[in-house]
**Q** 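Please see the structure below; I have some questions.
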Amino acid sequence: MSKKGLLYKYPQNLPITAKTPLFTLGEGDTPLVRAPLLEKVVGCQELYFKLEGCNPTGSFKDRGMVMAIAKAKEAGSKVVMCASTGNTSASAAAYASSQGLETIILIPEGKIALGKMAQAIMHGAKIVSIDGNFDQALNMVRQLTSRYPVTLVNSLNPYRIEGQKTGAFEIIEVLGDAPDFLFIPVGNAGNITAYWKGFTEYHKLGKATHTPKMMGFQAAGAAPIVLGKPVEKPETIATAIRIGNPASWQKATAARDESGGLIDMVTDDEILEAYHMLASMAGLFVEPASAAPLAGLLKLARNGHSFAGNRIVCIATGNGLKDPDNAVKSAPMITKLPADLSAIEEALRLG
Ligand SMILES: *Cc1c(COP(=O)(O)O)cnc(C)c1O
């Protein structure tokens, strides 16, 4: 049985008109999974991870892309374009291809995780790799889409934000109310903007008694919002948040301030620690950027912040299989033995 999809589920909450083509690749309705062992480490009452890696292309980008592609098609667009650290292009290429639209993507040279690249190739995107970073790529996409009849599908496109806000709706529907805290990675800052929009809209509709504190985390080498100025050469292992000048900067700080939350940063070592803890203590294999929220939560807990009695949700933004290189690189030595039972028994010390 196929899932109904966001455009069918939330027509009242989304900018859908009689002319909007409705379709789905099965996005949305992702699991909210509790992590009891990590709850003990953090010292909170309830800790959940929203598994956005369960979306059709393996990241939350699909929520916004289904809306953006539907509106592009409604407007008669034939070509869509985006700059991407990987997941936006994978999602754009998949959703556009399903509707007969062409996709052009601009990516920073050598910085796209292997799985994301494979997706863009398979969905038939026209791929341009530039000798520059994401921020430069986005700048060029903005100029090109203003000059030619090509629709921009980065999160500057307001329909992306509209689609992505449904993640907040689902959390409230499953928990029966908003959580106390929402931990989320911050790159171009579209998603923290979208979640805040979703939480405030559902609160106004009376579906939640309160809104959560929005806790955004950037990587230390790409933390413009924390530092208060653009980062010229952003660097982090978490390529999905390797962004030095976020497009939704002001909206992200507004979400932070209106919610009483914070935007802080975590180092690559802290991200990698959380990446491994998620996999080994919660059964959740996410991509490095998606481990930033847990890294931030652990950092706050270690610095003495008490989360006792709190209900916390972290957004696990993307699937770990997107970036297998990072996982394999960190492997301990794999034991190599002959195909001999006693040698294996001895090595594993099972007895
Ligand atoms: C895009 C992305 C982010 C960052 O989201 P923004 O909306 O750019 O802040 C984080 N994690 C993953 C896996 C992503 O694909």
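A quick note: this is a predicted structure, and the numbers were derived from the prediction, not measured. Both counts, for ligands and for their atoms, begin at 1 and track the order of listing.
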**Q** Under the rule for ring pair (Phe, Tyr, Trp, His ring centres under 6.0 Å), what residues qualify as partners of Phe183, not counting sequence neighbours?
**A** Phe217
**Q** Checking side-chain polar atoms at under 3.5 Å, does Tyr275 have a donor or acceptor matched by the opposite partner on Glu287?
**A** no
**Q** Please determine, by modelled atom types, if Asp340 and Ser342 share a side-chain donor-acceptor pair under 3.5 angstrom.
**A** yes
**Q** Under the salt bridge (charged side-chain N to carboxylate O under 4.0 Å, His left out) criterion, do Lys207 and Glu173 qualify, and how do the steps go?
**A** CA-CA 8 Å; Lys207 294 184 186 268; Glu173 285 161 11; over 6 Å; no
**Q** Below 3.5 Å only, please: the N or O atoms of ligand 1 paired with protein N or O atoms, distance on each line.
**A**
from     : atom 1 : to     : atom 2 : distance (Å)
ligand 1 : 7 (O)  : Gly190 : N      : 3.2
ligand 1 : 7 (O)  : Asn191 : N      : 2.8
ligand 1 : 8 (O)  : Asn188 : N      : 2.7
ligand 1 : 9 (O)  : Gly187 : N      : 2.8
ligand 1 : 9 (O)  : Asn188 : N      : 3.3
ligand 1 : 9 (O)  : Ala189 : N      : 2.8
ligand 1 : 11 (N) : Thr317 : OG1    : 2.8
ligand 1 : 15 (O) : Lys61  : NZ     : 2.6
ligand 1 : 15 (O) : Asn87  : ND2    : 2.6

**Q** Under a 3.5 Å cutoff, is there a donor and acceptor pairing between the side chains of Glu52 and Thr317?
**A** no
**Q** Would you say the side-chain atoms of Asp177 pair up with the backbone N or O of Thr209, donor to acceptor, closer than 3.5 Å?
**A** yes
